Structure formats: structure tokens, C-alpha cells
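Structure, as C-alpha cells:
Everything quoted here is computed from the prediction, not taken from an experiment. Per chain, numbering begins at 1; letters A, B, ... match sequence-line order.
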There are 2 protein chains.
Amino acid sequence: MKLDERKFRILQAIIDDYIVTAIPVASRTISKKYDMGVSPATIRNEMSDLEELGYLDQPHVSAGRIPSNKAYRLYVDELVGSFHLDEATQRRLRDRFMVRARQIEDVVGTAAQALSELTNYTSVVMTPKQQQMRIRNLQLVQTSSSSALVVIVTDSGIVRDCVIHVHESLDSDALYAISKMLTERLSGHTLGEVEGILEELIKRSPGNENVARGISTLMDQLQGGDLPRTVRVAGTSNIFNYPEYNDVTKAKALISLLEDKERLSELMRSRGTMEFSIRIGAENGLPEMNDCTMATATYRVGQGTVGTIGIIGPTRMNYKKALSTMLFIGQQLSEMLSRSNVPLPDGSEDTI
Amino acid sequence: MKLDERKFRILQAIIDDYIVTAIPVASRTISKKYDMGVSPATIRNEMSDLEELGYLDQPHVSAGRIPSNKAYRLYVDELVGSFHLDEATQRRLRDRFMVRARQIEDVVGTAAQALSELTNYTSVVMTPKQQQMRIRNLQLVQTSSSSALVVIVTDSGIVRDCVIHVHESLDSDALYAISKMLTERLSGHTLGEVEGILEELIKRSPGNENVARGISTLMDQLQGGDLPRTVRVAGTSNIFNYPEYNDVTKAKALISLLEDKERLSELMRSRGTMEFSIRIGAENGLPEMNDCTMATATYRVGQGTVGTIGIIGPTRMNYKKALSTMLFIGQQLSEMLSRSNVPLPDGSEDTI
DNA sequence: GTTAGCACTCTCGGCTGTCGAGTGCTAATC
DNA sequence: GATTAGCACTCGACAGCCGAGAGTGCTAAC
């Protein structure tokens, strides 16, 4: 049996209907509401075929049909490429991203917020691995007589910092001198390369061992090799908008997952670096995500560095809207973080 | 009718029982389990009196009694002063706070996490107003040819930063010179005083107007006058541990509140600066908090600056445990943030 | 003042019957 | 051969009912 034109249209209609109503779709509904030009009985025959083909499920014999995950898969595969966000929303989003970026976490927070508000689903945004970022500037700032803050500015204007111990004999001027020296050596290199360079530095000028080792340890932290990267979640309570999560234990399981940043970043990391990925229901591989779809997309910071942005919603999510919003925000994020100058709004007053 | 010794003991027993079981307490339970030495019938008479006095409610005629908010109020008032956390937990908590503090947000995050894990309730921690913090050091770090990061280190080792525009003619050395000058002028002053000082600076040396104005605008932001201050929430999913929130709509309302940082900080701000405050049910003034107790305590950063730490749980919360944990963590937080040196763990290697 | 005894009330779970929605099948029709 | 009308059938949702169990309030006795 093949999936001919009409079967496909019927399947599409069923999915469209189910996405908004969340109740099993009856043959009569399709026949009337979607103007198929055939009677319910015919639709029923087709539906029966579709069920046999694995595209439809039937909760019980006297209920309508609901799309199976296989159906959603077909549906989104068909959809791919047709994602376009209306101009008005695009404009509004662009404005929203015209803010000052400081720590990458802030930008990521804005993105998560926007994404969940626009889609009404829960959004998850993960900061990228930072090995590929290039250092532009490094500076030590005295925080007490024996500690200093290392501030690293990367080529995309992103700032990272960390407190380290310093020897008491080093005053502010000495730290500045060290900063200049380090900036000279390290600028243009990626965070990933720093370790090697510092090692060499230690070999060549043994006097500075401690400086180098300090920075090196710091780098490890900043790269966050195996550490859980920062994950921002927004719109958690949105899951209650969907009857799928009227069941308290289900809701609890999902919310617990959203709170567990480790598992969540594991989940997102497993998507690899494909431009985008959609996992429907069991494809996610987690029991608490069995009636969820998680869609993710990557964004770029500079060259080669990727972060992940995603949405979590019921399998019957409004794929078209959700995905186009997500992809657009991902683009915006990439653009904003890859401009070598952090943009400042026009008319900004705080100029020195 | 007065609340004599025995009535009080009975009330206490009812509350203790209800706190753990969450089911209405029967006269027989009290008589047997709490060893009152009188028969259920006597207890019933007393309970009847207690109900008349407003300390007990009865869901329906053939159910046991549940404590009213008035009862909880009496109970916690009686409890005040007897909060003590066992040594083992204290030790564990102290260890947990022996980490590197950088941004105040990080410390606050740790505190929130610890509080929710230990109590099994939801925790909320708000960063303090920062007007009262004293500047120790200020440094400008070049982030691009036309922008710089202002890093401010306060007397408690807390770091704040912000990006500002700078004139293209200023190179790294020039920025360092400006930093030194500003540090000299501003160190020892509170963030709140900066504005005045900068104004004077502008008057005296008109050449530097832009510098000063830039920093001043920044200060406004950092103080966050009326801006919502940072609020960290942890253990959201804990609310599902309590049958009070088996109702999805209730859970949704509360979780939405927890997500709305503006309302949440408003709620916490309204507590004033008392050492601690406990609001039971309707005392919170929000419909979604009607079966919740919210307990808050203040913590200090340096002198005069206070932040708020709090827990949200069902009205029948385990007050003794919850409050002693909260108060202890508040203390730890104060201590850690008020030590003028940010502590570093022993054996730390990253020393320059 | 305390308590035993008992009638009374109310909730909860299980069971039943009805209603309505929707299907599957068959036979007639195009 | 595809489509459709008609009808029997199935199943879930819902309301109503019943009995069991929990717990009280009251009364009368101690």
C-alpha cells in the first residue's frame, strides 16, 4: 500500500487538527472541516489504511485517530525548508537583540526568554564550548592583596572572568605589566591553544611559572571541558498550557529534568552539531520526554564555536511556528555573537 | 475560654502530625500516638474548643481537624529562638560555601541550591541592593577599539562589570591611567556616593566629563535603583512533593509566580529588612500563595547592605527544620560576603 | 472532669446504567 | 472499482447509587 496524494492530504489534515485541539480526530471532522470532497465513510477507509501503515493511532475503538510519531516525522520532514517568520515578528526580535552584550550568559538569557514567549513552549539555550574562541585581551584586576580577577575578552567581545590567587608582592602596576605581557603572547589564540603556549612560556622563562600555571588552570575552567555548560531555561510553566501535562506526575518528571542542568546539557549535547534536529517522543531517549518533541538548532559564536538553542513542547506542537521562531532566533544569536564589535544601541550616552 | 496547657499541647500535637501526614488528624490519633493520657472523647471536647477559638478547621463533619493559619502562627511564634541546625549539616554547609566567590550571583545560586536541597522546599534568594557597597578598585578593560569593560571590585571582594563606549583615541595604557585615577578618587566610597563625587569631578576637570558620565550611568545600573534585582529560584519541582499541589492549576499558578522575577522580587522586597519574617497563607497577600508559607530572612553584605533569602512551602511546612536551615544559610551567606577577603580553598594551586 | 457508647454524617471506592461519539462492515449506488 | 448510506457495535465519560469506614457530637454514666 502506498501513501498516495489523498492519503497524504488526509494525514496532514489530521495532524493540523490535532495540533490545535489535542483531541482524537474523527472522520466526520476531516470531511467537513477540511473540505475533502468525500464522505466520512471514505475518509474512514483511508484512515484505516493509514493506521495500518503506522501513521495513525487509535486510543480506543470508538475514538478518532491521533497521529503517530511516524506521522509527525513525515510531517516535519515535509516542512523543512519552509520556515519563515513574518516580518513584524522578525522586526520585534531584532530590536530585542539590540542590547548590550556582556557576558554570554546574558545574551543567552534574552534568547531563551524571547523564544519561550513567542512560541509558548519551554525553551532551553546552552552556551557554546569556548575552546574555539580567540583571545583579544587579558587583564588582571586586583581584588585583594592576595587575589586578582582575570578578565578575558574574546574576539567576539564576550567577557569571561575568574578569581585567582596572586603573590602578595604584586601590586596593581605589576599586575598590569603581567597583563600586557600575557595579552601580547596570547592574543589571537584560541582558549584551547592557551595551555600549550603557557607551557612553553614556563619552559622559556622559569620565573613566571606561577603566573602561567594560574592562567592555565583558569583556562581549563573557562573552557569547561567536561563541566556542564551553562543552560538557561525559560517558560517552564508553559508546559501547563497543554493537556498532555495535566497529569501531575508527568509534569513533575519533566520539570525535574528542566531543573537538572547536568542531564539537560547532556541531552542537548547529544544532538551533535547539525544545523538543526527534531526529536519526537521516544526519539529523545528519555522516559519523561515520551510525549514531548524537542527541537534544537545550533548557533555560532565566531568561527567553529557552536551553542545550542532548543524548544520543548508536546509532540503535537505547532512545528511550523515553533521551528521558524527557533531558527530565526538562532540566526540572530549567531549574528549578534559573531559581529566582532558588540553592538551598542544608538544614542547610547555612556561613552567615555 | 483560654488556651490552657493541655489545649496547647493538643494543638501542638495536631500540627506536628499534620505537618508530616497532610491528612486531617483524628482525636484517636492524638490520644494514642501522642500519649496524652486522656481518652479520645476528652480530646474531642478540647478540639471542639480549639475550633471555636479559631485554631482548628474541619474539612467536613466526619473528618479530623487541620490546623488553621492562626494555629501555625502561634506555633511558629512559639518556635522562634529555638532554631538550631545539627552539627553535621552545619559542617556540610560550611564546606559547601568554601568556594570562590566572584560575582555575587554565583554565591547566591549556591545558597539557593543548598537551601532547596536541604529543606525539600522551593528556595528563593535575592541579591542585595548595592548602594552601600564600598568600592575598592575600578578598572577599565579594553574590549574593542571603541568599547571597554568597567570592572568594579567592592570591599567584600564582589565583582561587578559592565560594557561602556570609549573614545577611539584611548588605548590600553590610557585606560589604565584613567582606571588608576578613578580608583584613587572613588575607593572607599559606596556605590551610592559615586554619583555625587563624579559630578564634582566633572566640575573641577571639565576635560573628563565623558569619563565621569559614563561611569555614572554605569553606577545607576549597578545599584539597580528600581530595577528588579536578581532573584534565584531553586527546587521548583519540590512543590510537587506535597499533595497540596496535586492540583495542576494551583501548581501552574505558583510556578508562574516563581518564573516572574519581577513579581517575586516585589514579594520579597515587601518583607522589609527585619531579620526574618514568616507569612502564612493569606498573609502573603497573593491568591496563588494561599496555601503556602513563605519564610524569609535577610543576609548582610558588608555593613548595611541586605539581601533576602527565603523558602516557599506548604503552610504545614516543617517549620523547625526549614527555618533553622534558612537562618543558618543566611548567616553563612552574610559571613562569606562580609569577609573582606574572598576565601579560597586550602591547597588551591592557581596562585600567581 | 472524664469516658463509654451510640447515632449520625460525610467521604471514598466500586458498581451500574445511560448517553454519545465514532468506528467497521455490508450492501447499494455511481 | 470507488464511493457512500445505513446500521450495529464498542468504548469512554458521566451520573447516580450503595456500602464500608472514619470520625465526630452528644448523652448519660462514672
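Remark: C1' of dG23(D) and CD1 of Ile14(B) are 13 Å apart, rounded to the nearest angstrom. In this entry the distance linking CD1 of Ile30(B) with P of dA22(D) reads 17 Å, nearest Å. Between Asp57(A) atom CG and dT23(C) atom P the separation is 14 Å, expressed in whole Å. The distance from atom CD1 of Ile43(B) to atom C1' of dT2(C) is 11 Å, rounded to the nearest whole Å. Ile66(A) has its CD1 atom 16 Å from the C1' atom of dT23(C), to the nearest Å. Whole-Å rounding puts the Ile10(A) CD1 to dT23(C) P distance at 12 Å. Rounded to whole Å, the distance from CG on Asn45(B) to C1' on dT2(C) is 9 Å. Remark: P of dT23(C) and CG of Leu56(A) are 11 Å apart, rounded to the nearest angstrom.
The salt bridge (charged side-chain N to carboxylate O under 4.0 Å, His left out) pairs that include a residue from residues 27-43 of chain B are Asp17(B)-Lys33(B), where partners are two or more places apart or lie in different chains. Annotation: salt bridge (charged side-chain N to carboxylate O under 4.0 Å, His left out) contacts involving residues 275-286 of chain A, sequence neighbours excluded, comprise Arg73(A)-Glu283(A). Screening residues 111-126 of chain A for salt bridge (charged side-chain N to carboxylate O under 4.0 Å, His left out), with sequence neighbours left out, gives Arg96(A)-Glu117(A). Legend: salt bridge (charged side-chain N to carboxylate O under 4.0 Å, His left out) pairs involving residues 240-254 of chain A, not counting sequence neighbours, sorted by first then second residue: Glu244(A)-Arg316(A), Lys250(A)-Asp291(A).
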Contact list (N/O, under 3.5 angstrom) for nucleotides 19-22 of chain C vs protein:
residue, atom, partner, partner atom, Å
dG22(C), O4', Ser62(A), O, 3.1

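Heavy-atom contacts from other residues, nucleotides or ligands closer than 6.0 Å to NZ of Lys70(B) number more than 12.
Among dC11(D), dT3(C), dT4(D), the nucleotide with an atom closest to any side-chain atom of Ala41(A) is dT4(D).
Contacts of Thr89(B) classified as side chain to side chain donor-acceptor pair (under 3.5 Å), with partners at least two apart in sequence or in another chain: Asp86(B).
Not one side-chain nitrogen or oxygen of Thr42(A) sits closer than 4.0 Å to the OP1 or OP2 atom of dT3(D).
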